[in-house]
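Along the sequence shown, residues carry numbers from 1. What you see is a predicted model, and the numbers here were worked out from it, not measured in a lab.
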Amino acid sequence: MEQKAVRSSVASKQMMTAIDPKLEQIFNQSIRDQLNSTLSQVSDSERLLALRASIAELVGQILSNDMTHAEWVNLFSDTYGHLLKCYKKAELTEAEKTTSFINATGLVMSVDHAIHTIKDIYRIKAFIRGVHQAIETKKDNETYSYRLSCVRPICTFITTTH
């Protein structure tokens, strides 16, 4: 009986995370697959084109379709895989990868941590839809001039009047 209570406690803690456990498994497998593959066989331009196409597909689906959770997981996993390949080839220094700091507007996350924020699919979807709505509002409102600044994915965006 005591063992069942421990399992129940662990299960409830897993459900409280923002990242789906199945999504985390897929991302982990993606990382393993990428480490086993040789990235040098693909040119930098091909890798960037694949990333751009994947992001374009992801954003297009977010703005136009409502899919099942499993379909979102697959789509985000594909984009994450392309993103990680480009990140691994970027040849950043250790300091560039790991430096984070707090400035006047909040935490500036290290690249190593920021690269994984795409795992929070529902927050990313909300962010992209919010940015799209802000851009559409700007296009519709020609009497005012707006500047749209994307502060950081999954956090916020700011519109200011000139």
Task: From Gln61 atom CD to Thr79 atom OG1, the distance as rounded to the nearest 0.5 Å - done: 10.5 Å
- [ ] Determine, step by step, whether Ile135 and His132 satisfy the side-chain contact (heavy atoms from CB on, under 4.5 Å) criterion, reporting the C-alpha distance in whole Å, the side-chain angles of both residues, the deciding distance to 0.1 Å, and the verdict.
- [x] CA-CA 5 Å; Ile135 291 169; His132 182 260; 5.8 Å; no
- [ ] Could you tell me whether the side chains of Ser110 and Ser100 share a donor-acceptor contact shorter than 3.5 Å?
- [x] no
TODO: Indicate the atoms forming the closest heavy-atom contact of Gly60 with Ser64, along with that distance.
DONE: O-OG, 2.7 Å
Open item on the list: Go through it in stages, so that I can follow the logic: the residues are Ile62 and Phe76, the test is side-chain contact (heavy atoms from CB on, under 4.5 Å), and I'd like the CA-CA distance, side-chain angles, deciding distance and then a yes or no.
Closed with: CA-CA 11 Å; Ile62 288 171; Phe76 272 81; 4.1 Å; yes
Open item on the list: When you compare the side chain of Ile55 with that of Arg52, does any pair of heavy atoms fall below 4.5 Å?
Closed with: no
- [ ] Step through the shown structure and confirm whether more than 12 heavy atoms of other residues, nucleotides or ligands are within 6.0 Å of CD on Glu24.
- [x] yes
Open item on the list: Between His69 and Tyr122, is the ring centroid distance below 6.0 Å?
Closed with: yes
- [ ] Identify the heavy atoms of Ile102 and Leu107 that sit nearest to each other, and give their distance.
- [x] CG1-CD1, 4.2 Å
Open item on the list: Using side-chain heavy atoms (C-beta onward) and a distance below 4.5 Å, is Val111 in contact with Glu96?
Closed with: no
Task: Close side-chain approach of Tyr87 to Leu84, heavy-atom, < 4.5 Å - done: yes
Open item on the list: Can you give me the closest heavy-atom contact between Tyr80 and Ile115, atom names plus distance?
Closed with: CE1-O, 3.8 Å
Open item on the list: Measuring from atom CD of Glu94 to atom OG1 of Thr99, what distance do you get when rounded to the nearest 0.5 angstrom?
Closed with: 9.0 Å
Open item on the list: Strictly distance-based, threshold 3.5 Å: is any side-chain N or O of Ser54 a donor or acceptor partner for the main-chain N or O of Ala50?
Closed with: no
Open item on the list: Let me confirm one number: the CG-CG distance from Leu75 to Leu58, rounded to the nearest 0.5 Å.
Closed with: 5.0 Å
TODO: With rounding to the nearest 0.5 Å, note down the distance linking NZ in Lys125 to CD1 in Ile121.
DONE: 6.5 Å
TODO: For residues Asn65 and Trp72, determine if any side-chain heavy atom of one lies less than 4.5 Å from a side-chain heavy atom of the other.
DONE: no
Task: Ala114 backbone acceptor or donor facing Thr117 side chain under 3.5 Å - done: yes
Task: Sequence-distant partners of Glu71, salt bridge (Lys or Arg N to Asp or Glu O under 4.0 Å), two or more places apart - done: none
Task: Distance, nearest 0.5 Å, that separates CG of Asn28 from CG of Leu23 - done: 9.5 Å
Task: Counterpart residues, salt bridge (Lys or Arg N to Asp or Glu O under 4.0 Å), relative to Glu136 (two or more places apart) - done: Lys139
